[in-house]
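Only heavy atoms go into these numbers, but all of them, side chains included; no hydrogens, no water, no symmetry mates. Only a predicted model underlies this, so the values are computations on that prediction, with no experimental measurement involved. In the text below, chain A, chain B and the rest are named by the order of the sequence lines, each starting its count at 1.
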There are 2 protein chains.
Amino acid sequence: MGTNDLDTAYFDEQLYVRNVAVDNVIFGYHDRELKVLLQKPKLLDKWTVAGGYILKTESVEEAAHNIAFMRTGLKDLFLEQFKTFGSPTRIKDEWLDIEKVFENAGLNPPTEAWIRDYSVSIAFYTLTEFSLVTVQKASFDEAIEWWPVAQLPRMMFDHALIIEEALKALQRDIYHYPIGYELLPRKFTLPEIHSLYETILGKTLDNRNFTRKLLSTGIIKKLDETRNIGAHRSPFLYKFEKKQYDAALKNGIFLGF
Amino acid sequence: MGTNDLDTAYFDEQLYVRNVAVDNVIFGYHDRELKVLLQKPKLLDKWTVAGGYILKTESVEEAAHNIAFMRTGLKDLFLEQFKTFGSPTRIKDEWLDIEKVFENAGLNPPTEAWIRDYSVSIAFYTLTEFSLVTVQKASFDEAIEWWPVAQLPRMMFDHALIIEEALKALQRDIYHYPIGYELLPRKFTLPEIHSLYETILGKTLDNRNFTRKLLSTGIIKKLDETRNIGAHRSPFLYKFEKKQYDAALKNGIFLGF
DNA sequence: ATAATAGTGTCTTTAAGACACTATTTG
DNA sequence: CAAATAGTGTCTTAAAGACACTATTAT
């Protein structure tokens, strides 16, 4: 999406790249659950991934950043392009839906406008620290909410597939990038990051082996503080070592969990 | 690309998806070198990756298959989407080039036609067995040739970058897919596949360890034939085991070379 | 016999995986 | 002291990596 105005007339052929959408699967982590930020257009009972279009003056990556910014209020988020979807049927299968979207948005693009036509979607996923996000609703949306990836609502078009592929990409990337940095608060405990990895990978990880491997990379560092969690032993807080983290991002690491 | 006619007027807005191109980096392996199939438009001294546009009646993947077919005469090639490129400058940086391309092709799209405009390129790479390919020249091309990836000619637009990224993607994928099947003839020797892997990865691999690992996957099988290579010991021929190969493609394998 | 390439085995080192007890905190 | 969660060490097994000699073929 190219502007901060969520109500821009995307079918303006002068401003926007035609036939191309950008969809951005915004992941957050909270309450031991991996969540996705979804929107529900007015009057429809289907949800959509955050999405928008590309201004002719910006790159695909800038468009994806802008979409993330519009929905979360956050800039410079971690963002990965994972796949581009395009087929004659991915939107038209549910023709009625898109007509309703326009109607509800108070828009009425010409019948022949590209926005009703073949649509390629360049899909990204974004990682955000849940607690920092202040959700931004567009005027044509009835709701914008975090949904657990494990229990999604009815999704519009092929958006369920897009989320599924985003999750696969994330699961692939977690072995090669220090993903936790983006999803956790600045200070976190070992049990928290352990649970994050288990959640994303959908399997249990032996806590001793997990800790050993994670610490051996040198990307996190124990602090001299603990977190009080009630009637239990207080876990130590850790933080990411920016230097090691950046190196890991650049060169890749291998975390064989 | 959507038809078998290499001279189709791509700027026809009724037929083609606007603003979106598909570029396909076609890899082949020959003479111990990894090669790419490139074209040179008439009168320009820059080369391009195989590319084309998407018919509104086909999917992105179909378009990529059609591009590969038009250039190689082969169907059902192994094909992977690896990245989508899009920025306001990737084509316009060399505005003169694209004008010349049109001129040389005898085309004269209207000044405002999308084809001169912002262009998103969905990039794929394709693996082919070099010897099966019969190269197909389009009328607006002066030449179509295999170039060693290690010594590319001057490339148009961002095509050098696209090839670089395709190679990175291939190097990533080689660890998870039984790549050799696509690039080698049906029967091949251990030294041949060994050299293929060394070439793609750009590093030497201990032949004993390589053989041990490759054979342990069960995807190749020793035949009862040898290849005569002159005044040397004759190497045995091997072939891929289709069953194991398909399983490896589907589930992924791990080849830690 | 020589030159060139094919083919194979062992040892060492490192990483993965399995496994269970002790420590801290609060009520 | 009981309940809950944090935190840590060792052994076994598997895989990776390093390394060098013997086998075959044609001239």
Side-chain angles (χ1 to χ4, degrees), chain A residues 31-32 171 174-176 178 180 184-185 187-199 201-239 248 251-257, chain B residues 31-32 171 174-176 178 180 184-185 187-199 201-239 248 251-257:
Chain A
D31 279 346
R32 307 206 152 196
Q171 289 174 340
I174 203 174
Y175 290 113
H176 303 291
L184 293 170
K187 298 178 180 181
F188 55 88
T189 67
L190 282 183
E192 281 164 359
I193 194 169
H194 178 216
S195 157
L196 169 66
Y197 273 72
E198 287 191 332
T199 303
L201 290 172
K203 63 181 182 189
T204 60
L205 303 167
D206 182 275
N207 62 339
R208 290 155 292 190
N209 296 339
F210 175 83
T211 307
R212 177 184 356 129
K213 258 184 267 186
L214 189 59
L215 287 174
S216 76
T217 65
I219 60 173
I220 66 168
K221 191 186 159 191
K222 194 178 195 167
L223 298 174
D224 216 17
E225 306 168 60
T226 56
R227 165 167 299 159
N228 191 307
I229 53 164
H232 314 294
R233 177 170 176 176
S234 310
F236 276 92
L237 289 168
Y238 285 76
K239 70 177 180 70
N251 311 319
I253 49 173
F254 185 73
L255 290 167
F257 294 122
Chain B
D31 279 346
R32 306 207 153 198
Q171 288 173 340
I174 203 175
Y175 291 113
H176 303 290
L184 293 168
K187 298 178 182 181
F188 55 89
T189 67
L190 282 183
E192 281 164 359
I193 194 169
H194 179 216
S195 157
L196 168 67
Y197 274 73
E198 288 191 333
T199 304
L201 291 172
K203 63 181 182 190
T204 61
L205 302 168
D206 182 274
N207 61 340
R208 291 155 291 189
N209 295 340
F210 175 82
T211 307
R212 183 194 341 139
K213 258 184 267 185
L214 189 58
L215 288 174
S216 76
T217 65
I219 60 172
I220 67 169
K221 191 185 161 192
K222 193 178 196 167
L223 298 175
D224 216 17
E225 307 167 61
T226 56
R227 165 168 298 161
N228 191 308
I229 54 163
H232 313 293
R233 177 169 176 177
S234 310
F236 277 92
L237 289 168
Y238 286 75
K239 71 175 180 71
N251 311 319
I253 49 174
F254 184 72
L255 291 167
F257 294 123

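Shown for residues 201-214 of chain A: residues whose heavy atoms fall under 4.0 angstrom of DNA chain D, namely A:N207, A:R208, A:R212. Within residues 225-235 of chain A, the residues approaching DNA chain D are A:I229, A:A231, A:H232, A:R233, A:P235, by heavy-atom distance under 4.0 Å. Listed by residue number, the members of residues 190-199 of chain B with any heavy atom below 4.0 angstrom from DNA chain C are B:L190, B:P191.
For the side chain to side chain donor-acceptor pair (under 3.5 Å) test, residues two or more places apart in sequence or in another chain that qualify with B:D206 are B:R208. Legend: residues meeting side-chain contact (heavy atoms from CB on, under 4.5 Å) with A:K187, ordered by chain and number and at least two apart, are A:L223, A:E225, A:L237. Listed by chain and number, the residues in a side chain to side chain donor-acceptor pair (under 3.5 Å) with B:S195 are B:Y29 (sequence neighbours excluded). By the side chain to side chain donor-acceptor pair (under 3.5 Å) test, A:R212 is found to be paired with A:N209, residues two or more places apart in sequence or in another chain being considered. Not counting sequence neighbours, B:R32 has no partner by the side chain to side chain donor-acceptor pair (under 3.5 Å) test. Under the side-chain contact (heavy atoms from CB on, under 4.5 Å) criterion, A:K222 pairs with A:F236, A:Y238, not counting sequence neighbours. Shown here are the salt bridge (charged side-chain N to carboxylate O under 4.0 Å, His left out) partners of B:R233, two or more places apart in sequence or in another chain: there are none. Judged as a side-chain contact (heavy atoms from CB on, under 4.5 Å), and not counting sequence neighbours, the contacts of B:S234 are B:T226.
Atom CG of A:L190 is separated from atom CG of A:L214 by 7.5 Å, given to the nearest 0.5 angstrom.
Counting heavy atoms from C-beta on, the side chains of B:F188 and B:L196 never come closer than 4.5 Å. The side-chain heavy atoms of A:H194 and A:L205, taken from C-beta on, include a pair separated by under 4.5 Å.
Note on ring orientation: taking the six-membered ring where Trp is involved, the planes of A:H176 and A:F254 are tilted (angle from 30° to 60°).
Here the range on DNA chain C touched by chain B, meaning any atom under 4.0 Å from one of its heavy atoms, is C:dA3 to C:dT10.
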